[in-house]
Protein chains: 2
Amino acid sequence: MDNLNDELRDCSVFLLGKAYQRAHGEFKKLLEPFGLTNLQHLVIEALVHEPGLTAGELGRILILDKATLSGVIQRLEESGWLEKRADGDDGRVQRLYPLEKSVEIAAEMATARKSFDRRFLSGLTPGERSTFKRLLKELIW
Amino acid sequence: MDNLNDELRDCSVFLLGKAYQRAHGEFKKLLEPFGLTNLQHLVIEALVHEPGLTAGELGRILILDKATLSGVIQRLEESGWLEKRADGDDGRVQRLYPLEKSVEIAAEMATARKSFDRRFLSGLTPGERSTFKRLLKELIW
DNA sequence: GCCATAAAGTTCGTATACTAACTTTATGGA
DNA sequence: TCCATAAAGTTAGTATACGAACTTTATGGC
């Protein structure tokens, strides 16, 4: 039991999962007024930054499976956040464009995200914060 | 685009999610021979450590919603990993006990988990590893 | 002893996430 | 040109995750 708790506290998969769970749970609340989930907001931000991205390109940027993205994009299309248009050259490709309501809130969401990030890491010193992000990046890429 | 990638690489929620995604994905493969998922293996380990835990206690240890655990426990019961027994004192409570096949593989799984952890963090120096886990713990608890 | 309240689990609905199988469209080689 | 192969998306199936509503059982105040 104590033994077990010690093992959990030394297990990277567990620690990463729970830290993500906590960050995600709090960020979720912040996004609620916008009517978007975390992943949906990332897709919208990406499309506002670069309209016309394909699902495949989005997947590479957001490090996500095409099957997962397929559903996310479908829901965002149904609720009027984005639009699919056929690519002129390649019949397999659908290019994705943000609709007005996406463009309108993108900047505000980006601000909220950055402010959340500072708040979430406020218990760490500036040096710890940059170390933390550096180590995460080394593990991802 | 570059702008966007920079923002993603500075967003804790994104970095934590992707680091977890990577760790989880690799650990999943390691657990495949056992026929258990990451979460299922944590439940089994906990029950072998402390037979008779309730779903509520498990939820506090593993930091998990009772609704999520309900499903996980159900599947583990159906596939013969654990057993529910009514608590003698409290009619609301079901105590959970590991079955033989759980007890048999628990030690081997724990070894595999620790070995995976070392491998996953092998790109970091010993100092970085301990800093990394310390910072994650500060963000969780 | 009775009732309001709380606690333990279950169920439902929604959204990730991934694998595998499939459809449609492109492309390259013979 | 024709065909094998590959690439882009979709769909189905499984397993997390969580909030909300609900059932069943305990408990505390009176």
Side-chain angles (χ1 to χ4, degrees), chain A residues 13-14 16-29 31-32 35-44 52-60 62-79 81-82 84-96, chain B residues 13-14 16-29 31-32 35-44 52-60 62-79 81-82 84-96:
Chain A
V13 186
F14 183 77
L16 281 169
K18 293 310 156 181
Y20 171 65
Q21 198 173 320
R22 185 174 178 71
H24 175 257
E26 291 180 22
F27 189 51
K28 195 165 88 170
K29 291 180 206 151
L31 284 180
E32 242 164 46
L36 290 172
T37 65
N38 177 30
L39 177 52
Q40 289 170 347
H41 122 276
L42 286 176
V43 169
I44 296 303
L53 282 173
T54 67
E57 289 164 346
L58 263 179
R60 280 184 286 278
L62 301 180
I63 313 181
L64 263 185
D65 195 84
K66 59 188 176 173
T68 301
L69 265 178
S70 195
V72 175
I73 289 168
Q74 216 164 46
R75 284 186 286 281
L76 286 172
E77 188 189 21
E78 282 162 11
S79 44
W81 292 94
L82 61 79
K84 291 179 182 174
R85 295 187 214 153
D87 183 274
D89 298 329
D90 192 329
R92 298 168 300 179
V93 172
Q94 305 267 355
R95 299 208 162 269
L96 306 171
Chain B
V13 185
F14 183 77
L16 281 169
K18 294 310 156 183
Y20 171 64
Q21 197 173 318
R22 185 172 178 71
H24 176 258
E26 291 181 21
F27 189 49
K28 196 165 88 171
K29 289 180 209 153
L31 285 179
E32 241 164 47
L36 290 172
T37 65
N38 177 29
L39 177 52
Q40 290 170 347
H41 121 276
L42 286 177
V43 170
I44 296 303
L53 282 173
T54 67
E57 290 163 346
L58 263 179
R60 281 185 286 279
L62 302 181
I63 313 181
L64 263 186
D65 196 81
K66 56 188 177 174
T68 302
L69 265 178
S70 198
V72 175
I73 290 168
Q74 219 164 44
R75 284 186 286 280
L76 286 172
E77 189 190 19
E78 283 163 9
S79 44
W81 293 95
L82 59 81
K84 291 180 183 175
R85 296 186 214 155
D87 182 274
D89 298 332
D90 192 328
R92 297 168 300 181
V93 173
Q94 306 265 357
R95 299 207 163 270
L96 306 171

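Nucleotides of DNA chain D with any atom under 4.0 Å from a heavy atom of chain B span, from 5' to 3', D:dA15 to D:dA26.
To the nearest 0.5 angstrom, B:F14 atom CZ is 9.5 Å from A:N38 atom CG. The CD1 atom of A:I63 sits 11.0 Å away from atom CG of A:L42, with the distance rounded to the nearest 0.5 Å.
Legend: residues meeting salt bridge (charged side-chain N to carboxylate O under 4.0 Å, His left out) with B:K28, ordered by chain and number and at least two apart, are absent.
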Exercise for review: Encode nucleotides 15-21 of chain C as B, S and - characters from 5' to 3', where the letter depends on protein heavy atoms closer than 4.0 Å: B to the base, S only to sugar-phosphate, - to neither.
Suggested key: SBBBB--

Sequence neighbours excluded and cut-off under 3.5 Å, please list the side-chain donor-acceptor pairs for residues 64-77 of chain A, or say none.
{"from": "A:D65", "atom 1": "OD2", "to": "A:A67", "atom 2": "N", "distance (Å)": "2.8"}

What donor-acceptor contacts under 3.5 angstrom involve side-chain atoms of residues 87-94 of chain A, with partners at least two apart or in another chain?
{"from": "A:D87", "atom 1": "OD1", "to": "A:D89", "atom 2": "N", "distance (Å)": "2.8"}
{"from": "A:D87", "atom 1": "OD1", "to": "A:D90", "atom 2": "N", "distance (Å)": "2.9"}
{"from": "A:D87", "atom 1": "OD2", "to": "A:R95", "atom 2": "NE", "distance (Å)": "2.6"}
{"from": "A:D90", "atom 1": "OD1", "to": "A:R92", "atom 2": "N", "distance (Å)": "2.9"}
{"from": "A:D90", "atom 1": "OD1", "to": "A:R92", "atom 2": "NE", "distance (Å)": "3.1"}
{"from": "A:D90", "atom 1": "OD2", "to": "A:R92", "atom 2": "NH2", "distance (Å)": "2.9"}

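Applying the side chain to side chain donor-acceptor pair (under 3.5 Å) test to residues at least two apart or on different chains, the pairs with a partner in residues 18-27 of chain B are B:K18-B:Q21.
Using a 4.0 Å heavy-atom cutoff across all strands shown, A:D87 reaches no nucleic acid atom at all.
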Exercise for review: Show the numbers, then the answer: is there a side chain to side chain contact (heavy atoms under 4.5 Å, CB included) between B:L31 and B:T37?
Suggested key: CA-CA 6 Å; B:L31 285 179; B:T37 65; 6.0 Å; no

Check your understanding: Passes side chain to side chain contact (heavy atoms under 4.5 Å, CB included), B:W81 versus B:L36? Steps please.
Key -> CA-CA 10 Å; B:W81 293 95; B:L36 290 172; 3.6 Å; yes

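C:dT11 atom C1' lies 9 Å from atom CD of B:Q74, rounded to whole Å. In this structure, CG of B:L53 is placed 16 Å from C1' of C:dG9, rounded to the nearest angstrom.
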